[in-house]
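Note sheet for the following structure.
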Protein chains: 2
Amino acid sequence: MTDDLLADRDSWLTSTCSIARALDVVGNRTTLLLLREASLGTRRFDAFARRAGVSEPVAAARLRQLVADGLLERHPYREPGQRTRDEYHLTRKGAELLPVLTALRQWGDAWAADEAGPAIRLEHHDCGAAVHARLRCDAGHDVAADEIAVRPGPGLRRADRNPPTAP
Amino acid sequence: MTDDLLADRDSWLTSTCSIARALDVVGNRTTLLLLREASLGTRRFDAFARRAGVSEPVAAARLRQLVADGLLERHPYREPGQRTRDEYHLTRKGAELLPVLTALRQWGDAWAADEAGPAIRLEHHDCGAAVHARLRCDAGHDVAADEIAVRPGPGLRRADRNPPTAP
DNA sequence: CACCTGGCTTTTGTTTAGCTAAGTCAGGTG
DNA sequence: CACCTGACTTAGCTAAACAAAAGCCAGGTG
């Protein structure tokens, strides 16, 4: 019947997809590289540009956009004998992209690594064990790719592509 | 001392970063949207293009690249009374991007959602509980963003930017 | 008060990503 | 055998994403 939204994937609105909306914010390479730097503790403009390997104009534009989008905050600080500067640091909204960055790095380590192995290793501050991005269900089980079922959520709406009367 | 790689982030080679290498493969919007479709079960060319909301030329180019990169495989199939076609399906390499897609969707649900809530919900096939991307250490602890320490890995090499003698 | 440094902005140009519209081609159907 | 359909390709274009090089400005130092 027509309410079978899952079987009728064509009727889904692309605009409803959270992945697409996330990509509107972090959907380009340099943004993710700058967020990587922020997550590793980089704070200052020139360090962002140099470490992420992007040109200064691009770094300036992306950082401005990241602040506008609320992923980074600027706030002034002062080193002794230096003038006041602004540093950029992650907001909660930005920090919550860490699973995305970690999952990307993990995949890169597994499938696009150089011979020498991973360049950096994240470890749990408390116990020293390596940190990974994992899929897990709220009941606490580890979930493999083929153990996942897709269900419609409350935000799912159908595209209204067909007029009420037949042509 | 000069061996303090972690304190001297500038000396890290950007090219060594697995995130950057992962982004070389999946660093654009349409690629991720097509992989989203593949993970939701889309198999055929026109469905990929329509559901991901990308034009046919772009869909063709990206799908070809994804096959070349080993994230998708084409293989022929035949519906009764139809001619033989190729369908695209995820390889292991492609399927292991699921944590990336899930983390992106999760972030979008949390920070860029529309009012109605998430459009789709992943649940664990066995128990019906919602599936999320989580950071966890190998000792089994859930790890928050501020509980992570960064350590150099075996693949970390320094950029040789300074000549052996001072200027 | 001349100079330096960090943090940008401006300019110019190239590359990549994307679209629309139209065309091609193989194979199955009437 | 003419026609249709699915799966693309080709052609032509716009817009966004980058880079390199140079300039600008505020404030602190000598």
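Note on naming: letters A, B, ... go to the chains in the order of the sequence lines (proteins, then strands), and numbering restarts at 1 for each one. Only a predicted model underlies this, so the values are computations on that prediction, with no experimental measurement involved.
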Test item: Asp146(B) and His125(A) side chains (from C-beta on) under 4.5 Å apart, heavy atoms: no

- prompt: Could you state the CG-P distance from Leu66(A) to dC8(C), rounded to the nearest angstrom?
  reply: 13 Å

query: Can you tell me if Arg21(A) uses its side chain to pair, donor with acceptor, with the backbone of Ala112(B) under 3.5 Å?
result: yes

- request: For dT9(D), take OP1 and OP2 only and decide whether either is under 4.0 Å from a side-chain N or O of Arg64(B).
  value: yes

message: If I take atom CG in residue Leu63(B) and atom C1' in nucleotide dC8(D), what distance separates them, rounded to the nearest angstrom?
response: 11 Å

- request: Report the distance from atom CZ of Arg85(B) to atom P of dC25(C), rounded to the nearest whole Å.
  value: 18 Å

field: Donor-acceptor pair, side chain of Glu123(A) and main chain of Arg151(B), under 3.5 angstrom
entry: no

- prompt: Side chains of Leu97(A) and Val25(A): does their closest heavy-atom pair fall under 4.5 Å?
  reply: no

- prompt: Is any side-chain N or O of Arg44(B) closer than 4.0 Å to OP1 or OP2 of dG6(D)?
  reply: no

message: If the cut-off is 4.0 Å, is Thr30(A) near the phosphate of dA17(D), judged by side-chain N/O to OP1 or OP2?
response: no

message: By the 4.0 Å heavy-atom rule, please label Tyr88(B) as base, sugar-phosphate, or nothing.
response: sugar-phosphate

field: Flag side-chain contact, heavy atom, 4.5 Å: Leu71(A) against Leu90(A)
entry: no

- prompt: Per the salt bridge (Lys or Arg N to Asp or Glu O under 4.0 Å) rule, which among Arg43(A), Arg64(A), Arg74(A), Arg44(A) passes with Asp86(A)?
  reply: Arg74(A)

message: Looking at Arg50(B), I'd like to know whether one of its side-chain N or O atoms comes within less than 4.0 Å of OP1 or OP2 on dG6(D).
response: no

- prompt: For DNA chain C, whose closest nucleotide is more 5', that of Ala59(B) or that of Ala60(A)?
  reply: Ala60(A)

statement: Between CZ of Phe45(A) and C1' of dA26(D) the distance, given in whole Å, is 16 Å

- line: Whole-Å distance, Arg74(B) CZ to dG6(D) P, equals 17 Å

- request: Considering just the side-chain nitrogens and oxygens of Arg29(B), establish if one lies under 4.0 Å of OP1 or OP2 belonging to dG18(C).
  value: no

- request: Assign a letter to each nucleotide of nucleotides 10-16 of chain C from its 5' end: B, base within under 4.0 Å of a protein heavy atom; S, sugar-phosphate only; -, no contact.
  value: B------

field: Backbone of Gly70(B) reached by a side-chain donor or acceptor of Thr91(B) within 3.5 Å
entry: yes

- line: Separation of dT9(D) atom C1' from Asp46(B) atom CG, nearest Å, is 16 Å

field: Gap between atoms CG and P, on Asp86(A) and dC8(C) respectively (whole Å)
entry: 7 Å

- prompt: Between Gln65(B) (CD) and dC8(D) (C1'), how many Å, whole number?
  reply: 17 Å

